[in-house]
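What follows is a set of notes on a single structure, which appears directly below.
The analysis underlying the following values was restricted to heavy atoms, covering all of them including side chains, and did not include hydrogens, waters or symmetry mates. Throughout, protein chains are lettered first and strands after them, A, B, ... in sequence-line order, and every chain is numbered starting at 1. Keep in mind the model is a prediction, meaning the values are calculated, not measured.
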4 protein chains.
Amino acid sequence: MSNALGNKYRVQIFGQSHSPMIGAVIEGVPAGVVPDMDFISAFMARRAPGGDALSTARREADSPQIVSGLNERGETCGAPLCALIANTDARSRDYDALRDVPRPGHADYAAFVKFGGHNDIRGGGQFSGRLTAPLCFAGALAMQLLQTRGVRVKARVQAIAGIRDIDVDLAAPPLDAIAAEGLPTISPDAARRMAEAILAAKSAGDSVGGVVECFATGLPAGLGEPMFDGVENRVARALFGIPAVRGVEFGLGFAAAELRGSAHNDAFRVSEGRVVTETNRCGGVLGGITTGMPLIVRAAFKPTPSIALPQASVSLKRKQDAPLTVQGRHDPCVVPRAVPCVEAAVACVLFDLMLEG
Amino acid sequence: MSNALGNKYRVQIFGQSHSPMIGAVIEGVPAGVVPDMDFISAFMARRAPGGDALSTARREADSPQIVSGLNERGETCGAPLCALIANTDARSRDYDALRDVPRPGHADYAAFVKFGGHNDIRGGGQFSGRLTAPLCFAGALAMQLLQTRGVRVKARVQAIAGIRDIDVDLAAPPLDAIAAEGLPTISPDAARRMAEAILAAKSAGDSVGGVVECFATGLPAGLGEPMFDGVENRVARALFGIPAVRGVEFGLGFAAAELRGSAHNDAFRVSEGRVVTETNRCGGVLGGITTGMPLIVRAAFKPTPSIALPQASVSLKRKQDAPLTVQGRHDPCVVPRAVPCVEAAVACVLFDLMLEG
Amino acid sequence: MSNALGNKYRVQIFGQSHSPMIGAVIEGVPAGVVPDMDFISAFMARRAPGGDALSTARREADSPQIVSGLNERGETCGAPLCALIANTDARSRDYDALRDVPRPGHADYAAFVKFGGHNDIRGGGQFSGRLTAPLCFAGALAMQLLQTRGVRVKARVQAIAGIRDIDVDLAAPPLDAIAAEGLPTISPDAARRMAEAILAAKSAGDSVGGVVECFATGLPAGLGEPMFDGVENRVARALFGIPAVRGVEFGLGFAAAELRGSAHNDAFRVSEGRVVTETNRCGGVLGGITTGMPLIVRAAFKPTPSIALPQASVSLKRKQDAPLTVQGRHDPCVVPRAVPCVEAAVACVLFDLMLEG
Amino acid sequence: MSNALGNKYRVQIFGQSHSPMIGAVIEGVPAGVVPDMDFISAFMARRAPGGDALSTARREADSPQIVSGLNERGETCGAPLCALIANTDARSRDYDALRDVPRPGHADYAAFVKFGGHNDIRGGGQFSGRLTAPLCFAGALAMQLLQTRGVRVKARVQAIAGIRDIDVDLAAPPLDAIAAEGLPTISPDAARRMAEAILAAKSAGDSVGGVVECFATGLPAGLGEPMFDGVENRVARALFGIPAVRGVEFGLGFAAAELRGSAHNDAFRVSEGRVVTETNRCGGVLGGITTGMPLIVRAAFKPTPSIALPQASVSLKRKQDAPLTVQGRHDPCVVPRAVPCVEAAVACVLFDLMLEG
């Protein structure tokens with residue numbers, strides 16, 4: 001289904017940017033688990049808007065309320081868990097104008113056609129990045145469950161506006177070296193230059209894009225199903241559900257296409273009785289199945305389509321060209337807040353894979 | 001399910017590289033259609049091995065036999081259509097050696113763990129590129145059905161070994177300029193240099209990778225479902241089912257991450273009464289939904305992991321390092337033959353989306 | 001998924017008898033529809049407890065609140081619609097005692113095993129008939145949408161405690177003859193005797209079961225898919241989701257097994273240019289596909305397992321026999337309130353089938 | 001999907017009565033199993049036509065050929081297993097006449113509407129009972145796998161033409177008392193009288209229906225998911241995929257609707273340290289989840305719609321009434337051959353549930 005993810009750990013998301021509530025219904029949470037609400041809230045706070053000068057001015061507390069799925073002791077009970085998040089800072093404007101002139105780079109026009117003009121255009125409706133809040137809830141819960149199984153999922157900003165963080169050893173990514181404060185990079189210098197690029201774009205009424213790189217360690221070998229239900233298929237399907245993602249790659253990704261086989265194959269060796277590879281250019285997955293090495297996945301985010309600069313568009317009613325200047329609160333770069341979203345999507349898929357066994 | 005694709009036009013693939021047969025069962029073919037076997041065979045011939053010096057020496061006729069799904073007049077009848085393809089040129093060798101020492105870059109080790117050592121290692125088993133033959137059957141049939149609805153799907157080799165074909169206008173990709181003979185590029189010069197790179201790698205016992213770029217024109221606006229069931233999610237899920245794909249991107253893809261919003265957004269305008277965009281950096285899809293502009297998708301292929309050079313591996317039985325030299329017929333570059341596979345995967349997804357409406 | 005129904009009109013239900021909320025997320029509602037909340041509330045009131053002396057003493061207003069899926073004009077917008085219903089009259093008792101001694105005829109023991117003792121036993125948890133409230137919400141919305149397409153769905157109590165309502169012509173079931181007040185039967189006399197049987201059981205601390213028969217008229221011929229996704233497969237899957245259903249039959253059902261073919265086949269004839277059948281022993285479906293005649297389906301409900309009489313059970317902790325007397329509010333017969341639930345389940349399936357086309 | 005069954009043990013069926021081949025693709029068979037072809041063939045022979053005077057004169061060897069899914073040692077390898085069965089004794093007649101005048105009680109007319117007249121009418125096309133052959137293949141393989149897990153599935157003819165076999169203790173059904181030769185009943189006298197009823201109908205050019213009752217023993221408690229994915233939902237969905245099934249019930253089924261709760265609830269007790277019930281009126285399933293007691297399910301089969309007597313029908317072309325006398329080989333009673341089909345459907349579902357855990 002369209003807003004649902006997973007076979008065993010199954011997440012159904014609902015809501016729009018300005019609907020009274022957004023949320024997620026999750027089937028398949030193992031019974032007997034007490035959701036760690038502190039952990040989940042801290043995770044969701046990384047995504048929530050309003051945190052600093054680099055993001056949108058909209059402020060949302062994003063306090064999820066679990067209204068089903070727990071027994072009287074607060075443990076998961078095998079029933080679908082429903083978490084609700086209120087939309088509190090929605091500022092809806094003149095809808096008729098918005099309905100008539102679609103914003104370039106947004107889903108406005110495509111949704112207008114698809115839903116015969118009934119789509120919710122307030123704040124982007126169901127296409128809003130706001131819908132990543134329930135995804136982050138589901139991902140945080142998955143992450144709590146993955147941690148007890150020895151799996152860690154962690155992402156960083158790899159690049160913003162063409163400014164790249166330093167390269168890492170894909171066979172042993174330094175998860176703990178990723179900054180916990182500010183932009184989550186490994187190099188403080190890269191973070192500083194990225195922030196400058198964001199602020200420069202912001203002051204120009206413009207926006208920038210970037211790349212998020214996600215690592216997962218502690219995975220057993222053998223997860224994933226052949227052909228269309230392997231790790232890459234599922235992770236890619238999940239990541240393309242995050243607004244603004246334009247590309248997904250694993251291991252060396254597009255760079256692999258320029259190498260020779262002898263320079264790309266990861267040689268096997270035995271280390272402490274385990275089969276490992278010295279390098280990890282394949283990103284921890286071969287034939288759709290985990291190798292036991294860290295999973296490496298990258299998602300490219302386009303620059304936020306919401307910009308303050310004047311743009312060319314059309315009047316759908318009058319079927320003629322019409323200029324457009326979008327008022328309101330713009331987010332000059334979604335990439336920093338996308339980092340927990342990528343982690344959440346990956347965590348949901350990996351926990352689903354682990355439940356499948 | 002693992003080897004199945006699609007909601008309405010549903011393709012279930014089966015077989016292994018050396019099983020007696022491979023094939024596909026397709027549900028959802030509209031009733032009353034006579035499969036154009038000449039068209040399908042010509043399409044499949046583009047993928048079939050043994051065509052020239054650039055590919056593997058294995059030769060397969062790949063003549064599909066339809067054993068169900070047609071009525072007495074040869075029309076589709078609403079029942080699942082099953083197409084069988086015989087494996088005729090399978091040369092199976094000493095399996096026990098292969099079982100013990102996994103080939104780097106192949107699924108051998110991951111599959112060994114997943115299936116407890118029972119996986120079919122002959123020719124790569126179910127992980128073989130051979131399984132793209134039934135995918136191409138399903139894709140060719142989808143393409144026949146798409147054509148009657150005004151949709152064309154066509155791909156080219158965009159790059160091999162770092163050598164790139166010329167850039168095109170994404171808003172009006174020149175489908176008919178792609179070479180019908182030899183390497184399917186637009187620039188004959190690029191094709192020539194790519195062929196040289198392939199032969200150079202081959203003579204070195206090595207292999208090269210590349211990028212396939214696929215265009216689909218004639219799509220209506222409004223196809224695709226929000227969030228996890230949009231065009232990108234489904235196309236990516238399908239493409240990662242083709243062996244050796246390491247990345248998938250739409251429109252400008254990873255390059256979009258380096259631009260500002262003002263340089264990336266595609267301005268709308270009205271042309272002959274239709275809403276179009278002058279540029280097509282988004283690749284014909286916004287918010288997971290088609291815009292009516294051409295769909296642009298790219299898939300990165302790693303260099304073929306099968307190489308003749310000696311490699312380092314391990315003995316799974318003895319749990320110690322073991323050198324490996326793989327004998328046999330190597331394919332120095334799968335990218336040319338991957339072109340119809342990408343078209344097939346995209347066609348299956350697009351026809352599925354059109355049936356969903 | 002476990003708590004979800006449908007391919008195109010997709011209903012995901014969540015909640016437990018005593019969770020803060022229960023509800024449904026519905027994907028696939030056509031855009032541009034204003035839910036008729038008066039119609040929906042009236043429909044749900046037929047299911048709500050506390051209505052009269054024949055049912056449980058628990059009282060619930062069952063006022064659904066739609067928190068997503070509508071645009072600013074109150075129209076469906078293509079996003080998943082989430083409806084919440086509060087649990088207000090939940091009286092939770094001493095859980096530890098309930099956890100230890102499972103109630104005969106309830107899911108307590110099976111759920112204890114399945115969920116390792118973490119299942120929510122308060123009021124039956126997720127196995128409670130209370131979960132039919134969100135099903136009725138989804139069904140009422142489906143019914144609103146079916147009505148605009150000329151389809152009516154209506155059920156009656158066909159039998160309670162062995163007392164049967166009168167037989168009807170299956171080719172032209174008299175939907176409007178079903179009583180709107182009191183027990184929904186055609187014969188007032190049957191209703192009176194059924195009510196007496198219910199009250200007699202109630203005063204004995206016991207319960208009774210019965211049969212609900214559902215009719216759907218106005219269906220086009222040609223709905224349903226062969227083999228496992230036909231009308232019967234889907235309707236049966238939905239109906240067995242209503243607690244206490246033990247059997248489902250179509251047309252003459254089990255009685256058909258006693259006839260000869262010549263007495264069971266429905267002869268075709270042409271009436272006013274349409275192909276119809278004089279009789280409708282097949283219940284409007286042949287080979288899983290609608291014939292255009294009324295759909296006839298019956299569901300058998302076991303007597304409510306909750307009774308006030310002492311019963312034999314076991315202590316799960318001490319692994320020994322233990323007597324049990326269940327305190328509290330018993331529902332001596334769920335059959336009358338099950339009538340809208342059956343209608344809802346059938347309406348959800350039929351609307352799903354109509355969207356599939 | 002329409003012709004597919006199961007979540008983990010997934011069976012995709014294809015073919016028509018007169019297509020060159022019919023078959024099944026099965027995903028999810030555990031790796032390392034050698035299919036017991038003797039067991040499977042013996043199982044399928046129970047369903048195959050032509051066995052005796054009680055069934056159709058069509059003769060089919062039904063020798064399944066496994067063309068994928070096995071490794072070089074004949075073990076399942078984790079790839080989808082495809083089994084093909086040839087149609088050898090198809091006698092196709094004048095199709096145009098058949099297309100015009102639909103047979104009462106058959107899917108001819110419904111399929112004509114659904115597939116725009118392109119449906120395969122030869123021998124009933126995809127609606128033919130012939131399609132239960134691949135179901136029996138999948139069921140036999142499931143049964144082989146269930147047996148190694150201690151689960152037995154066995155069915156009997158419970159009634160034909162109103163003549164019933166003797167009642168059994170549902171808490172301890174005597175599987176081994178079911179006759180292995182002739183009609184599979186417990187009472188030889190019932191079998192004799194049933195056979196007489198079949199032959200009487202046959203000589204009258206008519207047909208009879210009946211009821212199949214299936215038992216599964218050795219199931220653990222805790223299988224099945226709440227609401228729509230429980231044991232009843234899945235078994236019912238599977239059984240309604242067998243042609244001619246008109247009703248499905250569990251435990252006491254429709255008879256339960258006439259009892260009081262005190263007479264229907266199965267009291268728990270402890271026996272040899274295990275929680276059991278003295279009686280098993282619920283048929284081994286509560287709340288959709290197995291209790292650990294035997295599963296009891298019954299399917300009602302209508303009398304075969306194919307009869308030699310003249311019937312009233314219509315000409316679809318001329319839109320007017322038209323008499324019909326169906327020539328050819330009639331099967332006066334499908335119930336005996338339906339016994340293995342019911343076992344197969346139940347076995348597929350139960351093994352799927354066991355893989356889900």
Side-chain angles (χ1 to χ4, degrees), chain A residues 1-4 6-8 10 12-28 30-34 65-73 75-84 86-87 92 95-96 99 111 114-122 125-128 131, chain C residues 1-4 6-8 10 12-28 30-33 65-73 75-84 86-87 92 95-96 98-99 111 114-122 125-128 131:
Chain A
M1 274 296 110
S2 176
N3 299 273
N7 295 328
K8 296 283 272 186
R10 186 157 182 290
Q12 165 82 47
I13 286 173
F14 57 88
Q16 303 113 255
S17 185
H18 291 197
S19 58
M21 290 182 179
I22 57 177
V25 177
I26 311 177
E27 285 198 2
V33 174
V34 178
Q65 183 194 0
I66 298 178
V67 298
S68 77
L70 304 181
N71 65 18
E72 81 280 6
R73 299 190 292 241
E75 303 162 332
T76 54
C77 67
L81 187 153
C82 178
L84 300 175
N87 280 327
S92 301
Y95 308 128
D96 289 341
R99 283 201 183 287
K114 180 166 197 71
F115 298 117
H118 301 289
N119 56 305
D120 187 353
I121 37 75
R122 300 170 294 173
Q126 65 179 311
F127 300 93
S128 167
L131 272 295
Chain C
M1 275 295 111
S2 176
N3 299 270
N7 295 329
K8 296 283 271 185
R10 187 159 181 291
Q12 166 81 48
I13 286 172
F14 58 87
Q16 304 111 257
S17 184
H18 291 197
S19 57
M21 290 183 182
I22 58 178
V25 177
I26 311 179
E27 285 198 0
V33 173
Q65 184 193 1
I66 298 178
V67 298
S68 77
L70 304 181
N71 65 19
E72 81 281 6
R73 299 190 291 242
E75 301 163 334
T76 53
C77 67
L81 188 154
C82 177
L84 300 176
N87 280 329
S92 300
Y95 308 127
D96 289 342
L98 275 174
R99 283 203 183 285
K114 181 165 197 70
F115 298 117
H118 301 290
N119 57 305
D120 186 354
I121 36 75
R122 300 169 295 171
Q126 65 178 311
F127 299 93
S128 167
L131 271 294

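- Note: A:Ala79 leads A:Pro30, A:Ala79, A:Gly116 in heavy-atom pairs under 4.5 Å with chain C.
- Interface check for chain A: of the options C:Val67, C:Ile22, C:Ile13, the most heavy-atom pairs under 4.5 Å are formed by C:Val67.
- The most heavy-atom pairs under 4.5 Å with chain C, out of A:Lys8, A:Gln126, A:Glu72, come from A:Glu72.
- Annotation: the span from A:Ile26 atom CD1 to C:Gln12 atom CD amounts to 10.5 Å, rounded to 0.5 Å.
- Across every non-hydrogen atom of A:His118 and C:Asn71, the tightest pair is O-ND2, 3.0 Å.
- For the atom pair CG of C:Asp120 and CG of A:Leu70, the computed distance is 9.0 Å after rounding to the nearest 0.5 Å.
- When all heavy atoms of A:Asn3 and C:Pro80 are compared, the closest pair comes out as ND2-CG, 3.2 Å.
- Between chain C and the residues A:Leu84, A:Ile66, A:Val25, the largest count of heavy-atom pairs under 4.5 Å involves A:Val25.
- Heavy-atom distances place no part of A:Leu131 under 4.5 Å from chain C, backbone and side chain included.
- Using a 4.5 Å cut-off between heavy atoms, A:Leu81 does not touch chain C at all.
- A 4.5 Å side-chain heavy-atom check between A:Met21 and C:Cys82 finds every atom pair outside the cut-off.
- Using modelled atom types, no side-chain atom of C:Gln16 and backbone atom of A:Ser68 make a donor-acceptor pair closer than 3.5 Å.
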